[in-house]
Visitor: 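Have a look at this one before I ask anything.
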There are 2 protein chains.
Amino acid sequence: MARRPTVTSVQIAREAGVAQSTVSRVLNGGSVAPETRRRVLEVVAKYDFQPSQAARSLVGARSGLIGVVIRDLTNPFYPVMVKAMERVLHGQGLRLTLVTDVMTADEGLALLRREGVDGVVFTSAVRDEPLAHRIRGHGIPVVLCHRTLEGFAADQVEADNVTAGRLAAEHLLDLGHRRIAMVCGLAGASTSEQRGRGFRERGGACGEVALTELYAGYDYDAAYDAVRGLLAGAEPPTALFCHNDVMAYAALNAAAAAGVAVPRELSVVGCDDVPLSSWERIDLTTVRQPLERIARVGVELLLDRLADPDAPLRHEVLPVEFVGRSTTAPV
Amino acid sequence: MARRPTVTSVQIAREAGVAQSTVSRVLNGGSVAPETRRRVLEVVAKYDFQPSQAARSLVGARSGLIGVVIRDLTNPFYPVMVKAMERVLHGQGLRLTLVTDVMTADEGLALLRREGVDGVVFTSAVRDEPLAHRIRGHGIPVVLCHRTLEGFAADQVEADNVTAGRLAAEHLLDLGHRRIAMVCGLAGASTSEQRGRGFRERGGACGEVALTELYAGYDYDAAYDAVRGLLAGAEPPTALFCHNDVMAYAALNAAAAAGVAVPRELSVVGCDDVPLSSWERIDLTTVRQPLERIARVGVELLLDRLADPDAPLRHEVLPVEFVGRSTTAPV
DNA sequence: CTGAAAGCGCTTACAG
DNA sequence: CTGAAAGCGCTTACAG
């Protein structure tokens with residue numbers, strides 16, 4: 001399996017009878033006589049020549065690599081986002097490099113620097129996010145996508161999470177629920193803070209609502225345990241608002257394990273509306289956020305920023321939508 | 001947001017008062033006097049110097065990049081594999097580049113070549129797989145992981161899928177089922193062919209089994225439609241063996257949509273045992289294959305191959321295990 | 001329109 | 001143990 005020596009632009013040039021720089025020009029759209037271009041492209045096609053990305057990024061101003069920071073790939077939410085981002089980037093001839101939770105923030109930063117990424121789409125920001133600040137500190141353009149950071153001067157895109165919380169509250173209050181628990185995501189994550197705020201504002205406006213709040217870090221297992229605890233308590237809630245769908249699934253399963261009937265004894269509302277939620281076996285009432293659109297806009301903001309570094313900052317807030325299904329019922 | 005100029009090894013060398021090649025030696029473990037090393041590392045730390053990966057792969061024999069071909073990231077199966085692979089690679093200071101279905105096979109190949117990957121872990125092989133052959137044709141080492149290819153001279157790792165099929169058959173036959181449908185994956189995928197073979201061998205040995213077979217491409221929607229069709233037929237099956245868990249979920253949901261009670265009227269067996277399957281709301285009887293271990297071994301086979309290109313080929317077959325849950329019952 | 005040349009930031013022999 | 005030098009495969013001014 002001896003590595004077949006790779007064809008280089010020098011060899012293409014030789015065989016086409018031109019200078020190496022002409023090959024480069026043909027490939028990068030410089031001005032070349034039609035006949036010369038034809039001759040070069042013929043040789044390029046003959047060998048299916050692929051210019052070395054390493055050489056390109058070494059000499060060029062751009063690496064063509066975009067870093068995407070996504071801590072937890074196993075939340076079904078994220079593969080959908082990655083796919084949407086990849087699609088946009090691939091359409092522009094760019095590539096994506098993933099920074100996930102298999103590495104520490106330090107390692108992630110080192111990676112992004114070594115790779116020379118042109119910019120970073122950050123999806124997992126939390127308050128005082130050290131990584132986002134440090135990436136920017138190295139002069140790498142950052143876009144905050146999905147989760148945002150107040151006072152962080154960067155392009156940002158997020159769902160209208162305050163409204164999401166309000167819609168959830170409205171729905172549960174309309175059904176007559178007054179003893180409600182909120183299974184929050186991550187303290188310091190904008191999504192969780194905004195959803196919580198929207199819910200509280202609407203819930204508080206209604207008086208006499210007993211609202212329990214706890215944080216489960218957007219994590220299935222943590223939410224599962226938390227809900228088991230709630231259901232075993234003296235006065236268990238009649239309804240749950242979970243800050244994402246994954247925790248709502250945990251709630252549904254915890255209820256099943258505890259023999260609590262949903263929605264008869266317990267109503268559950270999620271947030272996200274990932275594909276799983278519409279499965280008949282789940283059929284989760286939730287608030288939809290436009291996942292793929294958030295991802296797409298995140299990448300587009302970054303590409304726009306790279307194209308025009310001095311353009312004014314943008315902050316996009318995308319609409320959410322209540323999706324009533326069968327995990328909620330009147331109290 | 002002017003790109004802060006990146007620190008290079010030349011600057012580190014100047015500040016440490018040594019030659020640039022000495023910096024390189026310190027970083028790559030060449031022989032350097034302790035005092036010299038100390039001085040260099042001090043400056044390296046001061047700037048948190050990160051050597052350019054582009055320059056490294058341009059000049060070095062290795063790029064440190066491993067290609068991973070995974071067509072469908074949204075099957076919950078694959079994020080688990082990617083994570084396991086990333087963990088191994090990251091531990092070795094290597095990185096991973098993903099080839100998914102957002103690009104064609106041609107584009108994937110071009111990408112892997114431009115990036116100069118050191119090797120490729122292939123998880124989605126199908127018979128006469130053009131991509132795997134072409135990657136190898138370019139002298140890039142390939143490991144077949146999860147799905148294998150007969151007659152393809154490469155290291156391979158897979159689950160014992162024949163046994164998986166046999167275990168599923170045994171279970172359903174023991175429960176008395178004689179009218180069974182098999183929802184197959186992909187014609188030409190080793191996993192599907194082996195699981196099918198194992199099931200048929202065991203099922204056929206029992207006489208008088210009416211076995212319907214159809215292919216749903218390991219796809220949720222296709223399986224959903226197929227099962228709706230089966231259940232609407234004149235003599236619907238009393239049991240289903242689905243070649244992966246995702247199609248089994250589709251079956252469960254299709255049954256729910258059709259008002260068919262599982263397991264009372266229909267038994268469903270899957271294959272994989274991804275985390276979802278143990279959720280109370282799903283609780284799928286299935287055959288577990290060691291997902292993370294398959295992924296890990298796949299990467300290890302590749303790393304071993306890179307370390308010793310002339311070692312004899314290896315073909316690992318990892319054990320599977322029947323997992324009885326609540327989607328199956330006596331006929 | 002085209003070629004010759006410099007240079008991107010490293011690793012790796014080659015001397016000493 | 002250490003430095004000077006070549007060279008990886010490109011892009012990009014610079015001449016002509």
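First the proteins, then the strands, lettered A, B, ... as listed; each starts at 1.
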Visitor: Starting at CZ of R38(A) and ending at P of dC1(C), how long is that distance when rounded to a whole Å?
Guide: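 The answer, rounded to whole Å, is 17 Å.
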Visitor: DNA chain D: A33(B) or G60(B), which has the more 5' nearest nucleotide?
Guide: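 Nearest nucleotide further toward 5': that of A33(B).
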Visitor: Could you identify the nucleotide paired to dC14(C), looking across every strand shown and requiring Watson-Crick or G-U wobble geometry with both distances under 3.5 Å?
Guide: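 dC14(C) is paired with dG3(D).
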Visitor: Give V18(B) one of three labels, base, sugar-phosphate or nothing, depending on what nucleic acid heavy atoms sit under 4.0 Å from its own.
Guide: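 It contacts sugar-phosphate atoms only.
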Visitor: Within the structure shown, what part of the strands sits under 4.0 Å from S57(B) by heavy-atom distance: base, sugar-phosphate, or nothing?
Guide: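 It contacts nothing in the nucleic acid.
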Visitor: Measure the distance from CZ on R14(A) to P on dC10(D) and round it to the nearest whole Å.
Guide: 13 Å
Visitor: What contact category does S52(B) fall into here, base, sugar-phosphate, or nothing, at under 4.0 angstrom with non-hydrogen atoms?
Guide: sugar-phosphate
Visitor: Below 4.0 angstrom, N of the basic side chain to O of the carboxylate: do R87(A) and D101(B) qualify?
Guide: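 Not counted as a salt bridge, because no side-chain N and carboxylate O are separated by less than 4.0 Å.
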Visitor: Counting just side-chain N and O atoms, does T22(B) come under 4.0 Å of either OP1 or OP2 of dT2(D)?
Guide: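 No, because none of the side-chain N or O atoms of T22(B) sits under 4.0 Å from OP1 or OP2 of dT2(D).
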Visitor: Figure out the CZ/C1' separation between R62(A) and dC10(D), and round it to whole Å.
Guide: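 One finds 17 Å between C1' of dC10(D) and CZ of R62(A), rounded.
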Visitor: Would you mind telling me which of dC10(C), dT2(C), dT2(D) lies closest to the side-chain atoms of S9(B)?
Guide: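 Taking heavy atoms from C-beta onward, the closest nucleotide is dC10(C).
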Visitor: Report the nucleotide, chosen from dG3(C), dC10(D), dG9(C), that has the shortest atom-to-atom distance to any side-chain atom of V59(B).
Guide: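 Between dG3(C), dC10(D), dG9(C), the one nearest the side chain of V59(B) would be dG9(C).
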Visitor: From C-beta outward on V32(A), which listed nucleotide comes closest to its side chain: dT2(D), dG3(D), dT2(C)?
Guide: dT2(C)
Visitor: What integer distance in Å separates L58(A):CG from dT12(D):P?
Guide: 12 Å
Visitor: Write down the distance between CG (L27(A)) and C1' (dT2(C)), rounded to a whole number of angstrom.
Guide: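 One finds 16 Å between C1' of dT2(C) and CG of L27(A), rounded.
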Visitor: Side chain of A55(A), heavy atoms from C-beta onward: which of dC10(D), dG3(C), dT2(D) has the nearest atom to it?
Guide: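 Between dC10(D), dG3(C), dT2(D), the one nearest the side chain of A55(A) would be dC10(D).
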Visitor: To the nearest Å, how far apart are Q53(B) CD and dC10(D) C1'?
Guide: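 Rounded to the whole Å, the gap is 17 Å.
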Visitor: Just to be sure I understand the rule, does T8(A) reach a base, reach only the sugar-phosphate, or reach nothing, if contact means heavy atoms closer than 4.0 Å?
Guide: sugar-phosphate
Visitor: Does a side-chain N-to-carboxylate-O contact under 4.0 Å join R37(B) and E35(B)?
Guide: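 Salt bridge absent between R37(B) and E35(B).
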Visitor: If you only use heavy atoms from C-beta on, which nucleotide in dA5(C), dC1(C), dG7(D) is closest to the side chain of T36(A)?
Guide: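 Side chain of T36(A) sits closest to dC1(C).
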Visitor: Round to the nearest Å and state the distance from R25(B) atom CZ to dG3(D) atom C1'.
Guide: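 About 7 Å, once rounded to whole Å.
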Visitor: For R56(B) and dC10(C), is the shortest distance between a side-chain N/O and OP1 or OP2 below 4.0 Å?
Guide: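 Checking dC10(C) against R56(B), no side-chain N or O comes under 4.0 Å of OP1 or OP2.
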Visitor: Using the six-membered ring of Y218(A), assess whether NZ or CZ of R71(A) lies under 6.0 Å from its centre and within 45 degrees of the ring axis.
Guide: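 Relative to the ring axis of Y218(A), which defines the angle, R71(A) lies outside at least one limit.
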Visitor: Between F152(B) and R136(B), is there a cation-pi geometry (under 6.0 Å to ring centre, at most 45° from the normal)?
Guide: yes
Visitor: Taking the side chain as C-beta and beyond, is there a heavy-atom pair between K46(A) and E15(A) under 4.5 Å?
Guide: yes
Visitor: Mark yes or no for a side-chain to base donor-acceptor pair under 3.5 Å between S21(A) and dA4(C), with no hydrogen or angle criteria applied.
Guide: yes
Visitor: Please tell me which of the listed nucleotides, dC8(C), dC1(D), dT11(C), lies nearest to the side chain of S31(B)?
Guide: dC1(D)
Visitor: Check the distance between dT11(D)'s C1' and Q20(A)'s CD and give it to me in whole angstrom.
Guide: 8 Å
Visitor: What do the steps show when you test R39(A) against E42(A) for salt bridge (charged side-chain N to carboxylate O under 4.0 Å, His left out), and what is the final call?
Guide: CA-CA 5 Å; R39(A) 214 151 17 103; E42(A) 200 169 278; over 6 Å; no
Visitor: Among dG9(D), dA5(C), dC10(C), which is the nearest nucleotide to the side chain of F49(B)?
Guide: dC10(C)
Visitor: Counting heavy atoms from C-beta on, name the nucleotide in dT11(C), dA5(C), dG9(D) closest to the side chain of N28(B).
Guide: dT11(C)
